[in-house]
Amino acid sequence: MTAASSSGTGPTAVGVLSDAAAGGATVVLCAHVQPDADALGSTLALAEGLRRRGARVLATFPEPFVLPASLCWLPGAADLVPPSAVPSSPDVLVSLDAASPGRLGELAPLLDRAGTSVVVDHHASNPGFGDVRVVDPGAPATVTLVADLLDGLGVALDATLATLLYAGLSADTGSFRFGSTRPDTHVLAARLLGTGIDHADISRRLFDTAPFGWLRLLSAVTGRAQLETGVGAGLVWTWSSTAEAAEHGLPGEQLEALVDVVRSTAEADVACVLKGQDDGTWSVSLRSRGATDVSRVAMALGGGGHRAAAGFTSRADREGTIAAIRAELAR
Ligand code: AMP
Ligand code: MN
Ligand code: MN
């Protein structure tokens with residue numbers, strides 16, 4: 001298996017990274033803003049692999065530099081450094097799971113300032129950026145591309161690396177339920193399980209653990225859900241906010257799993273959760289049951305993602321935001 005590359009005949013990612021490792025160069029790895037299990041799993045796994053090969057590695061993600069509780073147990077998470085602690089002109093910058101430069105926040109300028117920038121991603125909306133690209137929209141998760149890179153670098157997969165890769169793989173495939181899951185996805189999963197990882201424990205930590213307050217939040221949020229069968233192939237939407245999460249004693253990250261409940265609505269092809277942020281913007285999650293390409297909707301509204309899962313940030317008010325989504329779905 002080789003990682004798909006769209007950078008043509010230039011240097012390969014494995015070439016750039018193995019040269020960097022052999023020369024003891026400084027490599028900065030950066031996950032997307034508000035990183036999820038795929039972003040952090042791929043960042044931490046590649047960081048560990050490069051470290052083992054001799055590189056000086058700094059792994060980071062943009063502000064707010066706060067790890068969600070569901071991910072702070074990932075091996076190596078304690079070694080992540082805040083964006084202010086990375087050199088502004090590293091030898092190599094690696095962007096992981098970021099659909100666009102904007103998803104790197106204040107670290108985006110490093111794409112140009114680094115000696116070489118390497119972009120590892122799987123979003124259909126990725127416009128193509130960075131000097132060397134490992135971008136495969138057919139990949140179910142960025143961790144699958146990192147697994148290929150680790151193979152190319154000659155790094156053996158052990159339980160530490162497998163834990164990181166499995167976290168990203170199971171998260172982005174919805175535990176192997178989504179259409180993006182392919183035969184080779186299960187082949188990789190089998191390889192990872194073969195290292196002896198406790199996959200049930202990983203899944204429990206990632207998907208089946210939340211404070212009691214989450215039940216009350218879920219009740220409030222599902223209680224105000226609206227079903228609009230006349231919009232596109234049907235729209236179900238609701239909203240919450242970091243402030244409402246706080247009322248239930250929850251950090252804002254607990255808003256992320258709400259859409260996974262909302263999207264089960266049979267009458268609506270598209271599910272949407274508006275998540276009010278501290279700065280007054282709405283972080284919007286879109287999901288499709290199959291008929292609608294929500295990455296098109298998200299891209300039209302300034303965001304991106306995949307056909308079945310996408311998002312964007314809105315500065316309009318709640319009604320204006322949902323009206324913009326309705327208008328795009330009606331197209
Ligand atoms: P979320 O609803 O936040 O879980 O995001 C769903 C998918 O859309 C993920 O693959 C995200 O990386 C992507 N996504 C979310 N927000 C944005 C954005 N503002 N720009 C680009 N991609 C996004
Ligand atoms: Mn992600
Ligand atoms: Mn991903």
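The figures here come from the full heavy-atom set of this structure, side chains too, leaving out hydrogens, waters and symmetry mates. Remember, it's 1-based here, ligands and their atoms both numbered in the order they're listed.
Here the protein heavy atom with the shortest distance to atom 21 (C) of ligand 1 is Gly304 N, 3.2 Å. Counting protein heavy atoms only, atom 8 (O) of ligand 1 is closest to Ala310 CA, 3.2 Å. When only non-hydrogen protein atoms are considered, atom 9 (C) of ligand 1 lies nearest to His123 NE2, 3.9 Å. Scanning all protein heavy atoms for the shortest distance to atom 7 (C) of ligand 1 gives Ala309 O, 3.4 Å. The single protein non-hydrogen atom nearest to atom 18 (C) of ligand 1 is Gly311 O, 3.5 Å, given as residue, atom name and distance. Taking atom 6 (C) of ligand 1 as the reference point, the nearest protein heavy-atom neighbour is Arg287 NH1, 3.5 Å.
One finds the OG atom of Ser295 at 11.5 Å from the CG atom of Asn126 (value rounded to the nearest 0.5 Å).
Looking at Arg103 and Asp121, no side-chain N of the basic residue comes within less than 4.0 Å of a carboxylate O on the acidic one, giving no salt bridge.
Summarising the contacts of atom 11 (C) of ligand 1 with Met299, Arg103, His32, the nearest heavy atom is found in Arg103.
Of all atoms in ligand 1, listed by their number and element, those nearer than 4.0 Å to a heavy atom of Phe312 are 16 (N), 19 (N). Contact atoms of ligand 1 toward His306: 10 (O) (distance under 4.0 Å to a heavy atom of the residue). Close contacts of ligand 1 with Gly305, meaning ligand atoms under 4.0 Å from a residue heavy atom, involve 8 (O), 13 (C), 22 (N).
Side chains of His122 and Asp38: a donor-acceptor N/O pair is present below 3.5 angstrom, by distance only. No side-chain donor-acceptor contact under 3.5 Å links Asp131 and Thr116. Under the 3.5 Å distance criterion, with hydrogens and angles disregarded, no donor-acceptor pair is assigned to the side chains of Thr142 and Ser42. Side-chain atoms of Thr238 and Arg224 include no donor-acceptor pair closer than 3.5 Å.
Among the atoms of Ser285, some N or O lies under 3.5 angstrom from an N or O of ligand 1.
No single ILVMFWY cluster, assembled from side-chain heavy atoms under 4.5 Å apart, contains both Trp237 and Val261. Val119 and Leu58 end up in the same hydrophobic cluster when Ile, Leu, Val, Met, Phe, Trp and Tyr side chains are linked at under 4.5 Å.
Partner of Val132 under the side-chain contact (heavy atoms from CB on, under 4.5 Å) criterion, chosen from Val14, Val16, Thr12: Val16.
Shown here are the protein N/O/S atoms lying under 2.8 Å from the Mn ion (ligand 3), water excluded: Asp38 OD2, Asp97 OD1, His122 NE2, Asp172 OD2.
The aromatic rings of Trp282 and Trp239 stand perpendicular to each other, their planes meeting at an angle above 60°, with 30° marking the opposite boundary.
Applying the side-chain contact (heavy atoms from CB on, under 4.5 Å) criterion to Ala300, with sequence neighbours excluded, gives Glu328.
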